[in-house]
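All remarks here apply to the structure that follows.
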Amino acid sequence: MSVARLVSAFQFCPGACVFGARASRDPAPSLQSRAFNLLLRQLPYKAQLASAEAVQARVQKLALAPASHEPIGLGRDVEVTLTKMGGWPVYYTAPSSGHEGCNYVMFLHGGGYINEIVPAHWRFVGEMTRKARVSCVVPIYPLAPRATAKDVVPATAELLRMLLEDAGEAKVTVVGNSAGAGLALAACQWLRDRGHRQPSRMLLISPAADASVSRPEQLAIAARDPIQDIPGIVEAARLYAGELDVGHPFVSPLNGGFRALAPMTIFSGTRDLLYPDSVDLAARARVVGVPVELHLLREQPHNFALMPTPEGRRARAIILREVA
(Lines give C-alpha, C1' and ligand atoms only; values in the text may rest on other atoms or scores of the structure.)
Protein backbone atom coordinates (compact mmCIF):
# COMPACT_ATOMS: atom_id res chain seq x y z
CA MET A 1 0.00 0.00 0.00
CA SER A 2 1.36 3.47 -0.85
CA VAL A 3 2.06 5.93 1.92
CA ALA A 4 -0.49 8.29 0.38
CA ARG A 5 -3.26 5.73 0.89
CA LEU A 6 -2.04 4.93 4.40
CA VAL A 7 -1.91 8.57 5.38
CA SER A 8 -5.39 9.06 3.95
CA ALA A 9 -6.62 6.09 5.96
CA PHE A 10 -5.28 7.75 9.10
CA GLN A 11 -6.99 11.06 8.18
CA PHE A 12 -3.59 12.74 8.05
CA CYS A 13 -3.55 16.33 9.25
CA PRO A 14 -1.07 18.87 7.84
CA GLY A 15 0.40 19.83 11.20
CA ALA A 16 1.39 17.62 14.09
CA CYS A 17 -0.68 14.47 14.36
CA VAL A 18 -1.28 11.85 16.98
CA PHE A 19 -3.09 8.71 15.91
CA GLY A 20 -4.25 6.78 18.95
CA ALA A 21 -5.84 7.35 22.29
CA ARG A 22 -4.87 11.03 22.52
CA ALA A 23 -4.71 13.64 19.79
CA SER A 24 -3.36 17.18 19.47
CA ARG A 25 -2.49 19.58 16.67
CA ASP A 26 0.26 22.07 16.06
CA PRO A 27 -0.26 24.00 12.83
CA ALA A 28 3.40 24.68 12.04
CA PRO A 29 6.90 23.68 13.10
CA SER A 30 8.52 25.93 15.66
CA LEU A 31 11.06 28.55 14.70
CA GLN A 32 13.68 26.61 16.65
CA SER A 33 13.02 23.40 14.72
CA ARG A 34 13.18 25.22 11.38
CA ALA A 35 16.52 26.70 12.39
CA PHE A 36 17.71 23.28 13.54
CA ASN A 37 16.83 21.78 10.15
CA LEU A 38 19.06 24.40 8.53
CA LEU A 39 21.85 23.65 11.00
CA LEU A 40 21.64 19.91 10.36
CA ARG A 41 22.30 20.50 6.66
CA GLN A 42 25.64 22.13 7.56
CA LEU A 43 26.79 19.08 9.49
CA PRO A 44 28.43 15.98 7.89
CA TYR A 45 25.65 13.46 8.61
CA LYS A 46 24.08 13.45 5.16
CA ALA A 47 27.45 13.34 3.39
CA GLN A 48 28.31 10.20 5.36
CA LEU A 49 25.26 8.50 3.80
CA ALA A 50 25.54 9.99 0.31
CA SER A 51 27.02 6.84 -1.26
CA ALA A 52 28.04 3.27 -0.58
CA GLU A 53 31.67 4.42 -0.77
CA ALA A 54 31.08 7.00 1.96
CA VAL A 55 29.64 4.32 4.25
CA GLN A 56 32.54 1.97 3.51
CA ALA A 57 35.00 4.73 4.31
CA ARG A 58 33.19 5.40 7.58
CA VAL A 59 33.29 1.73 8.53
CA GLN A 60 37.00 1.49 7.74
CA LYS A 61 37.72 4.58 9.80
CA LEU A 62 35.85 3.19 12.80
CA ALA A 63 37.60 -0.17 12.43
CA LEU A 64 40.95 1.59 12.78
CA ALA A 65 39.82 3.89 15.59
CA PRO A 66 36.72 2.51 17.34
CA ALA A 67 34.53 5.09 19.02
CA SER A 68 34.18 4.98 22.78
CA HIS A 69 30.94 3.67 24.26
CA GLU A 70 31.60 5.05 27.75
CA PRO A 71 28.78 7.13 29.24
CA ILE A 72 29.19 10.87 28.65
CA GLY A 73 26.67 13.47 29.72
CA LEU A 74 24.45 11.40 32.00
CA GLY A 75 24.29 14.37 34.36
CA ARG A 76 24.15 14.52 38.13
CA ASP A 77 22.25 12.17 40.39
CA VAL A 78 22.73 9.17 38.09
CA GLU A 79 24.71 6.09 39.07
CA VAL A 80 26.09 3.82 36.38
CA THR A 81 27.60 0.35 36.48
CA LEU A 82 29.12 -1.74 33.73
CA THR A 83 28.73 -5.50 33.38
CA LYS A 84 29.17 -8.00 30.57
CA MET A 85 26.40 -10.25 29.33
CA GLY A 86 26.98 -12.68 26.49
CA GLY A 87 30.29 -10.95 25.83
CA TRP A 88 28.63 -7.54 25.34
CA PRO A 89 29.25 -4.53 27.56
CA VAL A 90 25.94 -3.63 29.24
CA TYR A 91 25.52 -0.45 31.25
CA TYR A 92 22.97 -0.05 34.03
CA THR A 93 21.89 3.37 35.24
CA ALA A 94 19.83 4.21 38.31
CA PRO A 95 18.91 7.30 40.32
CA SER A 96 21.67 7.98 42.83
CA SER A 97 19.02 8.04 45.58
CA GLY A 98 18.44 4.34 44.96
CA HIS A 99 16.62 2.11 42.52
CA GLU A 100 14.35 0.24 44.91
CA GLY A 101 10.95 0.01 43.25
CA CYS A 102 12.17 1.49 39.96
CA ASN A 103 10.75 0.40 36.65
CA TYR A 104 13.14 -0.56 33.85
CA VAL A 105 13.98 0.73 30.38
CA MET A 106 16.05 -1.14 27.84
CA PHE A 107 17.53 1.52 25.56
CA LEU A 108 18.81 0.54 22.12
CA HIS A 109 20.80 3.27 20.42
CA GLY A 110 20.72 4.29 16.78
CA GLY A 111 23.56 4.78 14.34
CA GLY A 112 22.67 2.76 11.28
CA TYR A 113 24.12 -0.41 12.86
CA ILE A 114 27.61 0.91 12.01
CA ASN A 115 28.01 3.78 14.51
CA GLU A 116 28.53 3.56 18.25
CA ILE A 117 26.34 5.11 20.93
CA VAL A 118 26.95 8.88 21.16
CA PRO A 119 26.70 11.54 23.91
CA ALA A 120 23.19 12.59 22.77
CA HIS A 121 22.00 9.07 23.50
CA TRP A 122 23.61 9.12 26.94
CA ARG A 123 22.01 12.50 27.74
CA PHE A 124 18.64 10.97 26.91
CA VAL A 125 19.38 7.94 29.10
CA GLY A 126 20.34 10.30 31.92
CA GLU A 127 17.14 12.30 31.47
CA MET A 128 15.00 9.15 31.67
CA THR A 129 16.91 7.94 34.73
CA ARG A 130 16.60 11.21 36.63
CA LYS A 131 13.18 12.50 35.63
CA ALA A 132 11.25 9.23 35.30
CA ARG A 133 13.21 7.52 38.08
CA VAL A 134 13.85 4.37 36.08
CA SER A 135 16.77 2.03 35.82
CA CYS A 136 18.07 1.97 32.25
CA VAL A 137 19.75 -1.05 30.70
CA VAL A 138 21.93 -0.09 27.73
CA PRO A 139 23.46 -2.96 25.72
CA ILE A 140 26.48 -2.00 23.63
CA TYR A 141 25.69 -4.32 20.77
CA PRO A 142 28.49 -5.07 18.27
CA LEU A 143 28.40 -3.18 15.01
CA ALA A 144 28.31 -4.19 11.36
CA PRO A 145 30.07 -5.62 9.49
CA ARG A 146 31.84 -7.33 12.42
CA ALA A 147 28.44 -8.45 13.70
CA THR A 148 25.31 -8.98 11.64
CA ALA A 149 21.58 -9.25 12.20
CA LYS A 150 21.47 -13.05 12.47
CA ASP A 151 23.46 -12.78 15.71
CA VAL A 152 22.57 -9.32 17.02
CA VAL A 153 18.77 -9.73 16.98
CA PRO A 154 18.59 -13.03 18.94
CA ALA A 155 21.23 -11.86 21.42
CA THR A 156 19.37 -8.59 22.02
CA ALA A 157 16.11 -10.50 22.45
CA GLU A 158 17.75 -12.85 24.94
CA LEU A 159 19.00 -9.90 27.00
CA LEU A 160 15.48 -8.49 26.98
CA ARG A 161 14.04 -11.86 27.99
CA MET A 162 16.39 -12.01 30.98
CA LEU A 163 15.53 -8.45 31.97
CA LEU A 164 11.81 -9.24 31.81
CA GLU A 165 12.39 -12.31 33.95
CA ASP A 166 14.51 -10.48 36.53
CA ALA A 167 12.20 -7.45 36.71
CA GLY A 168 9.39 -9.40 38.34
CA GLU A 169 6.36 -7.13 38.73
CA ALA A 170 8.24 -3.99 37.63
CA LYS A 171 7.36 -2.44 34.30
CA VAL A 172 9.85 -2.97 31.46
CA THR A 173 9.73 -0.60 28.49
CA VAL A 174 11.90 -0.85 25.38
CA VAL A 175 13.03 2.48 23.91
CA GLY A 176 14.98 2.65 20.67
CA ASN A 177 15.87 5.29 18.14
CA SER A 178 16.47 4.77 14.42
CA ALA A 179 18.41 1.52 13.95
CA GLY A 180 17.91 0.82 17.66
CA ALA A 181 14.14 1.11 17.18
CA GLY A 182 14.31 -1.38 14.32
CA LEU A 183 16.35 -3.70 16.52
CA ALA A 184 13.79 -3.30 19.34
CA LEU A 185 10.95 -4.29 17.03
CA ALA A 186 12.85 -7.28 15.62
CA ALA A 187 13.79 -8.45 19.15
CA CYS A 188 10.17 -8.27 20.31
CA GLN A 189 9.09 -10.27 17.25
CA TRP A 190 11.73 -12.88 18.14
CA LEU A 191 10.40 -13.10 21.71
CA ARG A 192 6.80 -13.42 20.49
CA ASP A 193 7.69 -16.15 18.01
CA ARG A 194 9.22 -18.22 20.85
CA GLY A 195 6.40 -17.74 23.29
CA HIS A 196 8.18 -15.33 25.63
CA ARG A 197 6.68 -12.39 27.47
CA GLN A 198 6.50 -8.99 25.79
CA PRO A 199 7.63 -5.73 27.42
CA SER A 200 5.02 -3.30 28.69
CA ARG A 201 5.49 -1.05 25.68
CA MET A 202 7.80 -0.23 22.78
CA LEU A 203 8.72 3.42 22.26
CA LEU A 204 10.12 3.72 18.74
CA ILE A 205 11.80 6.96 17.66
CA SER A 206 12.17 7.26 13.86
CA PRO A 207 12.31 3.47 13.49
CA ALA A 208 14.41 1.88 10.76
CA ALA A 209 11.75 -0.66 9.82
CA ASP A 210 12.42 -1.36 6.12
CA ALA A 211 16.05 -1.51 5.04
CA SER A 212 15.22 -1.57 1.34
CA VAL A 213 14.23 2.13 1.33
CA SER A 214 12.41 1.31 -1.90
CA ARG A 215 9.21 3.36 -1.85
CA PRO A 216 8.96 5.72 -4.85
CA GLU A 217 7.96 8.64 -2.63
CA GLN A 218 11.17 8.29 -0.61
CA LEU A 219 13.19 9.80 -3.45
CA ALA A 220 11.41 13.11 -2.97
CA ILE A 221 11.60 12.88 0.82
CA ALA A 222 15.35 12.19 0.63
CA ALA A 223 15.92 15.57 -1.01
CA ARG A 224 14.29 17.25 1.99
CA ASP A 225 15.82 15.07 4.71
CA PRO A 226 18.75 17.02 6.22
CA ILE A 227 20.38 13.94 7.77
CA GLN A 228 19.87 10.80 5.69
CA ASP A 229 20.30 9.63 2.11
CA ILE A 230 19.20 6.47 0.36
CA PRO A 231 22.51 5.04 -0.97
CA GLY A 232 24.17 5.09 2.44
CA ILE A 233 21.22 3.57 4.27
CA VAL A 234 21.05 0.76 1.72
CA GLU A 235 24.78 0.04 2.04
CA ALA A 236 24.72 0.08 5.85
CA ALA A 237 21.75 -2.31 5.73
CA ARG A 238 23.64 -4.62 3.37
CA LEU A 239 26.54 -4.77 5.83
CA TYR A 240 24.20 -5.42 8.75
CA ALA A 241 22.25 -8.07 6.82
CA GLY A 242 25.39 -10.12 6.16
CA GLU A 243 24.26 -13.46 4.76
CA LEU A 244 20.57 -12.56 5.19
CA ASP A 245 18.47 -10.79 2.60
CA VAL A 246 17.79 -7.16 3.50
CA GLY A 247 14.10 -8.03 3.43
CA HIS A 248 14.50 -10.55 6.26
CA PRO A 249 12.51 -9.44 9.35
CA PHE A 250 15.70 -9.31 11.43
CA VAL A 251 16.88 -6.52 9.11
CA SER A 252 13.50 -5.14 7.99
CA PRO A 253 11.07 -5.87 10.83
CA LEU A 254 8.27 -4.23 8.86
CA ASN A 255 8.18 -7.57 7.02
CA GLY A 256 7.67 -9.51 10.26
CA GLY A 257 4.42 -10.33 12.03
CA PHE A 258 2.70 -7.86 14.35
CA ARG A 259 0.07 -9.93 16.10
CA ALA A 260 0.50 -10.14 19.91
CA LEU A 261 3.31 -7.60 20.10
CA ALA A 262 3.61 -5.05 22.88
CA PRO A 263 1.74 -1.73 22.48
CA MET A 264 3.73 0.85 20.53
CA THR A 265 4.32 4.57 20.60
CA ILE A 266 6.03 5.79 17.42
CA PHE A 267 7.59 9.21 16.73
CA SER A 268 8.38 10.43 13.23
CA GLY A 269 8.42 13.59 11.12
CA THR A 270 7.74 14.39 7.50
CA ARG A 271 11.36 15.43 6.84
CA ASP A 272 12.43 11.93 7.85
CA LEU A 273 13.21 9.67 4.89
CA LEU A 274 11.88 6.75 6.94
CA TYR A 275 8.54 8.26 7.92
CA PRO A 276 6.44 6.32 5.37
CA ASP A 277 7.57 3.12 7.09
CA SER A 278 6.38 4.47 10.44
CA VAL A 279 2.93 5.13 8.98
CA ASP A 280 2.86 1.63 7.48
CA LEU A 281 4.12 0.08 10.73
CA ALA A 282 1.35 1.74 12.72
CA ALA A 283 -1.29 0.61 10.23
CA ARG A 284 -0.13 -3.01 10.15
CA ALA A 285 0.08 -3.25 13.93
CA ARG A 286 -3.33 -1.71 14.47
CA VAL A 287 -4.97 -4.06 11.95
CA VAL A 288 -4.03 -7.05 14.13
CA GLY A 289 -5.14 -5.40 17.36
CA VAL A 290 -1.89 -3.96 18.70
CA PRO A 291 -2.51 -0.59 20.42
CA VAL A 292 -0.51 2.09 18.62
CA GLU A 293 0.09 5.81 19.00
CA LEU A 294 1.80 7.43 16.01
CA HIS A 295 3.11 10.94 16.63
CA LEU A 296 3.80 12.28 13.13
CA LEU A 297 4.93 15.90 13.06
CA ARG A 298 5.16 18.11 10.02
CA GLU A 299 8.65 19.19 8.93
CA GLN A 300 10.42 17.34 11.73
CA PRO A 301 13.63 15.47 10.87
CA HIS A 302 14.90 12.03 11.73
CA ASN A 303 15.26 11.55 15.50
CA PHE A 304 13.56 14.88 16.24
CA ALA A 305 12.46 13.49 19.62
CA LEU A 306 16.07 13.66 20.87
CA MET A 307 16.69 17.21 19.65
CA PRO A 308 16.74 20.47 21.68
CA THR A 309 13.58 21.88 20.12
CA PRO A 310 10.07 22.42 21.49
CA GLU A 311 8.89 19.43 19.44
CA GLY A 312 11.71 17.29 20.83
CA ARG A 313 10.97 18.34 24.40
CA ARG A 314 7.28 17.53 24.00
CA ALA A 315 8.13 14.11 22.58
CA ARG A 316 10.50 13.38 25.47
CA ALA A 317 7.82 14.44 27.95
CA ILE A 318 5.55 11.78 26.44
CA ILE A 319 8.36 9.22 26.69
CA LEU A 320 9.03 10.08 30.32
CA ARG A 321 5.38 9.60 31.19
CA GLU A 322 5.27 6.26 29.39
CA VAL A 323 8.36 4.77 31.03
CA ALA A 324 7.83 6.03 34.60
Side-chain angles (χ1 to χ4, degrees), residues 36-74 82 84 86-91 107-125 138-153 155-156 176-184 186 205-208 210-213 218 222-223 225-244 246 250-252 271-274 301-304 306-308:
F36 210 75
N37 272 320
L38 293 175
L39 173 63
L40 288 170
R41 285 200 172 273
Q42 309 308 311
L43 299 176
Y45 302 125
K46 195 173 181 83
Q48 292 173 359
L49 293 172
S51 66
E53 292 75 18
V55 168
Q56 291 162 6
R58 176 71 177 167
V59 167
Q60 291 170 5
K61 178 181 178 180
L62 291 173
L64 294 172
S68 171
H69 55 68
E70 293 185 3
I72 297 175
L74 284 171
L82 172 63
K84 284 211 168 182
W88 295 5
V90 179
Y91 288 94
F107 177 71
L108 298 170
H109 72 84
Y113 301 111
I114 61 171
N115 290 295
E116 192 54 88
I117 190 170
V118 297
H121 296 137
W122 284 121
R123 287 193 292 272
F124 179 47
V125 168
V138 187
I140 304 301
Y141 57 87
L143 303 173
R146 178 170 60 90
T148 60
K150 73 179 180 64
D151 297 316
V152 172
V153 170
T156 302
N177 76 289
S178 193
L183 177 56
I205 301 167
S206 299
D210 182 356
S212 70
V213 201
Q218 287 177 304
D225 188 321
I227 299 175
Q228 304 173 107
D229 214 341
I230 293 173
I233 292 177
V234 170
E235 176 63 11
R238 184 188 70 82
L239 296 174
Y240 178 60
E243 63 189 46
L244 300 176
V246 294
F250 281 11
V251 185
S252 297
R271 276 189 182 266
D272 183 349
L273 174 59
L274 305 182
H302 189 68
N303 281 336
F304 82 88
L306 301 187
M307 293 179 180

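Residues: numbered from 1 along the sequence shown.
- The shortest distance between side-chain heavy atoms of Thr148 and Glu243 does not fall below 4.5 Å.
- Here the closest heavy-atom approach between residue Ala54 and residue Ser51 is recorded as N-OG, 3.0 Å.
- For Asp272, the side-chain hydrogen bond (donor to acceptor under 3.5 Å, both in side chains) test picks out Ser206, Gln228, His302, with sequence neighbours left out.
- Annotation: side chain of Phe36 is in contact with side chain of Pro308 (closest heavy-atom distance under 4.5 Å).
- Here the options are Leu49, Asp229, Ile233, Ile227, the test is side-chain contact (heavy atoms from CB on, under 4.5 Å), and the partner is Leu273; only Ile233 passes.
- No side-chain heavy atom of His109 sits less than 4.5 Å from a side-chain heavy atom of Trp122.
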Q: Give the C-alpha distance, both sets of side-chain angles, the deciding distance and a yes or no for side chain to side chain contact (heavy atoms under 4.5 Å, CB included) between Tyr113 and Leu239.
A: CA-CA 9 Å; Tyr113 301 111; Leu239 296 174; over 6 Å; no
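- Counting heavy atoms from C-beta outward, Leu108 and Pro139 have side chains that approach closer than 4.5 Å.
- For the pair Pro226 and Pro301, the tightest heavy-atom approach, listed with the atom from each and the gap, is CG-CB, 4.0 Å.
- Rounding to the nearest 0.5 Å places CG of Asp225 at 13.0 Å from OH of Tyr45.
- Not a single salt bridge (Lys or Arg N to Asp or Glu O under 4.0 Å) links Arg123 to another residue, sequence neighbours left out.
- Here the straight-line distance linking atom CG of Leu74 with atom OH of Tyr91 works out to 10.0 Å at 0.5 Å rounding.
- Between Tyr141 and the choices Val153, Val152, Asp151, the side-chain contact (heavy atoms from CB on, under 4.5 Å) rule is met once, by Val152.
- At least one side-chain heavy atom of Leu40 sits under 4.5 Å from a side-chain heavy atom of Met307.
- Shortest non-hydrogen contact noted between Gly110 and Ser178 is CA-CB, 4.2 Å.
- Scanning all heavy atoms of the two residues, the minimum distance from Ala222 to Lys46 falls at O-NZ, 2.8 Å.
- In this structure, the separation between OG on Ser212 and CD1 on Ile230 is 10.0 Å, given to the nearest 0.5 Å.
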Let me have the donor-acceptor pairs involving side chains of residues 57-65, under 3.5 Å, with sequence neighbours excluded, atom names and distances please.
from  : atom 1 : to     : atom 2 : distance (Å)
Arg58 : NE     : Asn115 : OD1    : 2.9
Arg58 : NH2    : Asn115 : OD1    : 3.1

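- When all heavy atoms of Gly112 and Ala236 are compared, the pair lying nearest together is O-CB, 3.7 Å.
- When side chains are defined from C-beta on, Ile117 does not count as touching Val125, because their heavy atoms never get closer than 4.5 Å.
- What you find for Ser252 and Ala211 is that their closest heavy atoms are OG-N, 2.8 Å.
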Q.
As a quick check of understanding, evaluate side chain to side chain contact (heavy atoms under 4.5 Å, CB included) for Glu53 and Glu235, giving each step before the final call.
A. CA-CA 9 Å; Glu53 292 75 18; Glu235 176 63 11; over 6 Å; no
